[in-house]
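Written out below as structure tokens is the structure these notes cover.
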Protein chains: 2
Amino acid sequence: MIRISKKVEYALMALKFISDSDHKLVTAREISDKSNIPYDLLSKILQKLKNENILISNQGMNGGYSLNKRTDEIPLFNLMTAIDGDTSIAECLQDNSVKDCCLTDTCTIKLPVTRLQKELEDLFKSKTISDFV
Amino acid sequence: MIRISKKVEYALMALKFISDSDHKLVTAREISDKSNIPYDLLSKILQKLKNENILISNQGMNGGYSLNKRTDEIPLFNLMTAIDGDTSIAECLQDNSVKDCCLTDTCTIKLPVTRLQKELEDLFKSKTISDFV
DNA sequence: TTGAATTTGGACTAATATAGTCCTATATAT
DNA sequence: ATATATAGGACTATATTAGTCCAAATTCAA
Ligand code: SF4
Ligand code: SF4
């Protein structure tokens, strides 16, 4: 299964929600309630989006989140890396190559796998959040 | 992480191995030894490929596997479904929709996610094993 | 200045999926 | 007969993903 993680799906829904209520601050609680997304989990996700400068956050009473960029300026790829940390299709292609696949020496498909990775990356980079709102 | 499963990687290596030793029967043991792939696991994978008519198997002494199709006639997509059973990027897009995402009623991104799924599928269908050998 | 609403973030547990193992049956060439 | 193969069910181990819990910091406003 080549799954988009639930977290990324939640992020997409949240961004759509925020985008739809334009310019008003939106709270995590509000999104959680309206979209049936677990509150604590959603909070973490929104925080990550804030750390990637996709969202702006305002703490305290009457606080909440708002978009920091136009939706068409946020590639799906960035969202995915922001949330899941890595988008490599194979162990040996991980950014932080701490882990190295034990077959790395005898592997006969590294090159074509790398090419495939590139193509998938290009696809995810070509999509933006505006395609989901 | 959008990972190609290790099983699919093993399948690709095995198919390359079989393709390289053209027309001679190749045993699971041989591939396992030469490629450092766990024997039992590889056996299961080859069996699945046989059940999908990608390989032909010969039981008994001097038995082994051979290709049933040219490598450019085997889409990567078919390999993935044969081995991992499903390639849907979201729960609600599974073939056997026994499981249904609990958000299915309130979900706001089903349509674009379906479109993305289609594009990924097309990419995996356009690749064939010949791209990996 | 107190309190409620909010984000922040670490640490943890639970659920699921992937990877790998073990064992037995069946087929076949010699 | 027997050694060498594939066939396949049932199981265990590991890794990843999903979800929870708790305490802190920030801000507004009564
Ligand atoms: S099997 Fe090959 S392509 Fe896959 S992770 Fe290991 S080295 Fe990389
Ligand atoms: S969240 Fe939406 S797109 Fe994702 S699985 Fe559930 S219904 Fe499908």
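Not measured: the values here are computed from a predicted model. Every chain is numbered from 1 and lettered A, B, ... according to where its sequence line falls, protein lines coming before strand lines.
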query: Can you check side-chain hydrogen bond (donor to acceptor under 3.5 Å, both in side chains) on B:Ser88 and A:Arg3, steps first, answer last?
result: CA-CA 6 Å; B:Ser88 60; A:Arg3 278 278 159 91; 3.2 Å; yes
Item to complete: Taking the side chain as every heavy atom from C-beta outward, state whether B:Leu12 and B:Ile129 have any atom pair closer than 4.5 Å.
Response: yes
(message) Just N and O in the side chain of A:Ser5: are any of them under 4.0 Å from OP1 or OP2 of D:dT16?
(response) no
To the nearest angstrom, the CD1-C1' distance between B:Ile2 and D:dT16 comes to 13 Å
* Asked: Is B:Ser57 near enough to D:dA7 that one of its side-chain N or O atoms lies under 4.0 angstrom from OP1 or OP2?
  -> yes
From CD of A:Glu91 across to C1' of D:dA15 the rounded distance in Å is 10 Å
Is the shortest side-chain N/O distance from A:Asn62 to OP1 or OP2 of C:dA5 below 4.0 Å? no
Rounded to whole Å, the NZ-P distance (B:Lys48 to C:dG20) equals 14 Å
A:Ile45 atom CD1 is separated from C:dT8 atom P, nearest whole Å, by 14 Å
**Study point:** Under-4.0 Å salt bridge between A:Asp40 and A:Lys44
**Key:** no
From CD1 of B:Ile83 across to P of C:dT18 the rounded distance in Å is 13 Å
Expected string for nucleotides 19-26 of chain D under the B/S/- scheme (protein heavy atoms, under 4.0 Å, primed atoms plus P, OP1, OP2 as sugar-phosphate) is BBBB--BB
When you compare the side chains of A:Ser66 and A:Lys24, does any donor N or O come within less than 3.5 Å of an acceptor on the partner? no
Between CD1 of B:Ile31 and P of D:dA5 the distance, given in whole Å, is 12 Å
Salt bridge check, B:Lys118 against B:Asp122: does any charged N sit closer than 4.0 Å to a carboxylate O?
yes
To the nearest angstrom, the CZ-C1' distance between B:Arg3 and C:dA17 comes to 14 Å
Separation of C:dA17 atom C1' from B:Met80 atom CE, nearest Å, is 15 Å
Salt-bridge contact B:Glu121-B:Lys125 (side-chain N to carboxylate O under 4.0 Å):
yes
Next on the checklist: Under a 3.5 Å threshold, yes or no: a donor from one side chain and an acceptor from the other, between A:Asp72 and A:Thr128?
Outcome noted: no
